[in-house]
Amino acid sequence: MTGAASYLLERAWVDGAVHTDVRVVVEDGLIASVTPDGSGPADPRAEGTTTAIPGLTLPGFRNTHSHAFHRALRGRAQRGPGTFWTWREQMYDVAARLDPDGYHRLAVAVYAEMLAAGYTAVTEFHYLHHQPDGTPYDDPNAMGHALIAAAAEAGIELTLVDACYLAGGIDRPLTPAQRRFSDGDAEAWAARMGRIEGDRVGGAIHSVRAVPREQLGTVVAACTGRPLHAHVSEQPAENRACRAAHGLTPVELLARTGALGPRTTAVHATHLTSADVALLAESDTEVSLCPTTERDLGDGIGPARRLADAGVRLSIGSDSHAVIDAFEEIRAVETDERLASLVRGRFHAADLLGLGGGRIAAGAPADLVTIDLRSPRTAGAGADEHAAVFAATAADVVRVMARGRVLLGDDSGDPGVAHAHRADLGRRLAEVLEDLSTHGEAP
Ligand SMILES: [Zn+2]
């Protein structure tokens with residue numbers, strides 16, 4: 001049989017525990033077989049050599065919330081005091097500099113950074129739709145298509161959720177900087193979203209601030225059978241405005257309009273009532289926690305333990321990319337809980353790894369992330385999930401396989417991969433970000 005490759009993983013996370021000498025056969029981008037503890041017959045599909053992979057191998061992490069262009073703000077948006085709302089003005093300035101070509105170049109580099117940080121799949125929450133004055137590009141989905149092409153080039157699995165963004169706040173018009181986000185109304189948004197060419201396309205309600213109540217139903221209907229994401233209760237001010245206008249919390253408003261459900265992801269869900277938690281649980285809505293962004297923006301600490309206790313499915317997102325590090329993101333879910341509760345061990349390390357959403361199992365995508373257990377950070381921290389969760393960082397990722405392609409690591413023989421080595425990746429990011437800050441003038 002051709003096309004199959006065999007690997008012997010020194011240690012690997014399989015079925016909720018770390019095993020040694022795990023044989024994995026990969027074929028057509030999928031895991032064909034997994035044999036823990038070196039036992040069992042060799043898989044006949046993998047003839048010839050077996051590649052030994054030292055270190056601890058984990059399933060690739062799924063990043064369930066990203067705005068690729070926010071990466072350009074890292075470091076630059078840290079001067080002086082401010083709030084979420086003043087940060088947002090800086091973010092709009094970056095947005096104004098981007099066109100489809102520039103966004104494509106930036107996104108390739110950002111998605112490559114994600115891969116090198118342990119993420120093998122990303123959901124891009126996309127709202128930068130039109131030209132700065134709001135006029136559509138010749139291809140009205142030029143920006144979304146630029147992101148889809150960028151992900152393919154980088155080698156990450158992308159789900160594009162195209163966000164409906166119509167208002168500058170509840171009963172407030174768009175500001176000039178927000179014009180390029182809007183299609184005018186939800187019907188026009190749905191028509192454009194429906195023409196995106198891609199394998200994994202969904203929709204989003206940017207927030208209850210940005211989509212008027214009477215248009216929420218149109219967005220929900222357009223997302224039937226598709227993923228639907230929404231920013232929810234990131235800031236107390238959003239809750240206050242929503243209650244004042246509708247007498248409902250954002251979660252309650254979304255529930256009334258049929259927006260919650262098993263294909264829906266509520267992003268942040270930081271400031272929730274008990275009733276909100278119950279609504280998310282009853283509807284089987286997922287919550288994407290983005291703790292490195294939430295702390296960076298001063299959003300607050302989300303109720304991760306309360307949500308988990310209620311049975312809500314949790315995942316992680318790197319959102320604003322102040323940090324792109326899957327390990328830091330899952331660790332922050334626990335360490336933020338400690339700060340808020342004054343109690344350690346609110347989540348087991350195994351449960352935190354589970355937030356990554358992947359599995360090393362037959363039939364699963366061949367997304368394998370290997371960390372070095374002898375780095376300055378991980379040395380002596382053990383060789384199990386505790387080392388991964390409480391010691392490792394993105395810098396300890398030494399090998400990344402996504403859909404069967406080795407995208408980072410010494411055994412990457414793939415000439416099409418620009419980010420096979422971390423030094424190349426840093427250089428590319430620097431070039432793209434320098435170009436954006438010097439050549440793209442905000443109008
Ligand atoms: Zn976001």
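Counting starts at 1 for both ligands and their atoms, following the listed order.
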- Item | His231 atom NE2 and His65 atom NE2 as seen from the Zn ion (ligand 1), angle to 10 degrees | 90°

- Task: Look at His67 and state whether any of its N, O or S atoms is less than 2.8 Å from the Zn ion (ligand 1).
- Result: yes

- Query: Does the ring of Phe347 carry Arg305 above it, NZ/CZ under 6.0 angstrom from centre and within 45° of its axis?
  - Reply: yes

- Query: Which residue, Tyr165, Phe181, Trp189, forms the ring pair (Phe, Tyr, Trp, His ring centres under 6.0 Å) with His206?
  - Reply: Tyr165

- Might you work through the side chain to side chain donor-acceptor pair (under 3.5 Å) test for Thr123 and Thr64, ending with a clear yes or no? CA-CA 5 Å; Thr123 299; Thr64 59; over 6 Å; no

- Atom CG of Asp199 with >12 non-hydrogen neighbours under 6.0 angstrom: no

- Item | N, O or S atom within Asp319 nearest to the Zn ion (ligand 1), by name | OD1

